[in-house]
Amino acid sequence: MSSAGTPAERPGGGPVRIAVVAPPWYPVPPPGYGGIERVCHDLVQGLVRRGNDVTLVATGPDGSDATYRPVFAESLPGLGSIESPVQEVRYAAGVAEVLAGVAVDVVHDHSLAGPLLGIGRRAPTVVTAHGPADGPVGDYYRRLGLPIVATSQAQRRLAPGVRWVATVYNGIPVSDFPFRVDKDDYVLFLGRLSPEKGVHLAVEAARAAGVRLVVAGKASEPAERRYLEEAVLARLPAASSWVGEVGGARRDNLLAGARCLLSPIQWEEPFGMVNVEALACGTPVVALNRGSIPEIVTDGRTGVICDRPEQLAEAIGRASSIDPYVCRAEALARFDVEVMVDGYQAVYEALVNAA
Ligand code: UDP
């Protein structure tokens with residue numbers, strides 16, 4: 001097995017040639033919202049830093065140090081709309097065209113339809129399941145029969161029978177995130193404006209706790225806009241604000257300055273990038289106990305985990321006693337990009353050796 005700082009190795013020697021296929025919806029890296037595309041970016045950068053031979057297949061401008069093979073010059077529109085299945089398969093056909101001209105030892109696919117191409121491929125294909133893997137998606141993965149990587153144990157537990165080969169937590173470049181011990185006087189929600197993210201519960205908790213709430217996130221789809229207007233803007237507590245979608249330093253500074261991040265999730269969150277981004281900034285996470293939360297947040301150490309929404313307001317108060325240094329150290333030890341690259345290199349090596 002390779003050690004930190006060296007590439008994944010082929011049985012006969014030399015680095016494994018890896019093609020990473022990103023989803024088609026946002027550039028890699030994304031300028032704002034885009035958890036999977038950000039993971040793809042940090043992964044390929046980490047792989048390249050270690051001397052791996054990496055090809056990135058994606059849409060939009062070239063933003064990484066890997067060999068770039070764009071399928072489309074612009075990222076595809078239509079995520080979450082009626083046309084999204086067509087865009088998915090159109091992209092997958094484009095990925096097939098592009099990969100036909102690239103010599104690879106392993107394909108690591110992060111898209112939805114792309115893995116269908118892995119069935120007949122000579123090089124092994126491994127897929128990371130970024131969403132919930134139960135229900136129809138789990139059935140799809142089972143029928144594909146390809147090796148699948150989970151991003152949390154919670155995601156894996158919900159989908160027995162899928163060919164899980166590893167659990168690799170998503171990683172972020174922790175040292176690039178600003179770290180702040182002295183916090184400003186607000187609590188933060190950051191993410192998609194969707195009921196499954198529990199933004200309405202964040203609003204009610206901030207109201208009950210009497211604290212200022214900043215809501216930042218993506219509300220580009222019609223359902224997201226409706227939810228924003230009805231469940232969030234109409235109930236926002238005094239002095240609170242909706243700041244829209246944020247990216248870059250603005251996003252990072254919002255995370256670093258917050259007393260806590262609110263994650264009152266209402267679904268079986270498969271990972272939740274925002275939670276580890278908050279920890280990297282020394283910001284504790286106040287969350288509901290669903291999905292990956294108990295794997296990411298340690299109650300009383302890096303945040304407060306509540307069983308019921310009514311407990312969130314009091315938890316906001318308790319979050320002030322959490323040590324920001326402990327949050328940062330936890331992010332570095334468990335969710336840094338280097339830990340993720342270690343995990344994936346081990347997966348690639350195992351697959352290439354078995355092939
Ligand atoms: N994000 C962002 N700007 C926003 C909202 C979200 O940069 O206005 C980022 C956020 O920091 C995270 C990603 O988008 O990196 C969302 O990923 P997460 O896993 O938290 O949620 P999901 O993929 O379920 O939407």
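Indexing begins at 1, ligand by ligand and atom by atom, following the structure's order. Nothing fancy with the numbering, it's 1 onward along the sequence.
Residue pairs that meet the side chain to side chain donor-acceptor pair (under 3.5 Å) test with at least one member in residues 111-125, sequence neighbours left out, are D109-S111, R121-T125.
Between Y33 and ligand 1 there is a heavy-atom distance shorter than 4.0 Å. At least one heavy atom of G217 lies less than 4.0 angstrom from ligand 1. Not a single heavy atom of H130 sits under 4.0 Å from any atom of ligand 1.
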Do any side-chain atoms of residues 194-205 form donor-acceptor pairs under 3.5 angstrom with protein atoms, and if so which ones, sequence neighbours left out?
from	atom 1	to	atom 2	distance (Å)
S194	OG	E196	N	3.3
E196	OE2	R192	NH1	2.8
E196	OE2	R192	NH2	3.2
K197	NZ	E269	OE1	2.9
K197	NZ	E269	OE2	3.2
H200	ND1	Y227	OH	2.6
E204	OE1	R235	NH2	2.7
E204	OE2	R235	NE	2.8
E204	OE2	R235	NH2	3.4

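The contact set between ligand 1 and G32, taken as ligand atoms under 4.0 Å from a residue heavy atom, comprises 2 (C), 7 (O). The contact set between ligand 1 and R38, taken as ligand atoms under 4.0 Å from a residue heavy atom, comprises 7 (O), 9 (C), 15 (O). Residue-ligand proximity, G34 to ligand 1, at heavy-atom distances under 4.0 Å covers atoms 14 (O).
Considering only non-hydrogen protein atoms, atom 8 (O) of ligand 1 sits nearest to V246 N, 3.0 Å.
Inclusion of M273 in the set of residues having an N or O under 3.5 Å from an N or O of ligand 1 is warranted. On a distance-only criterion, L190 and ligand 1 share no N/O pair closer than 3.5 Å.
Contacts between E245 and ligand 1, counted as non-hydrogen atom pairs separated by less than 4.0 Å, involve both the backbone and the side chain.
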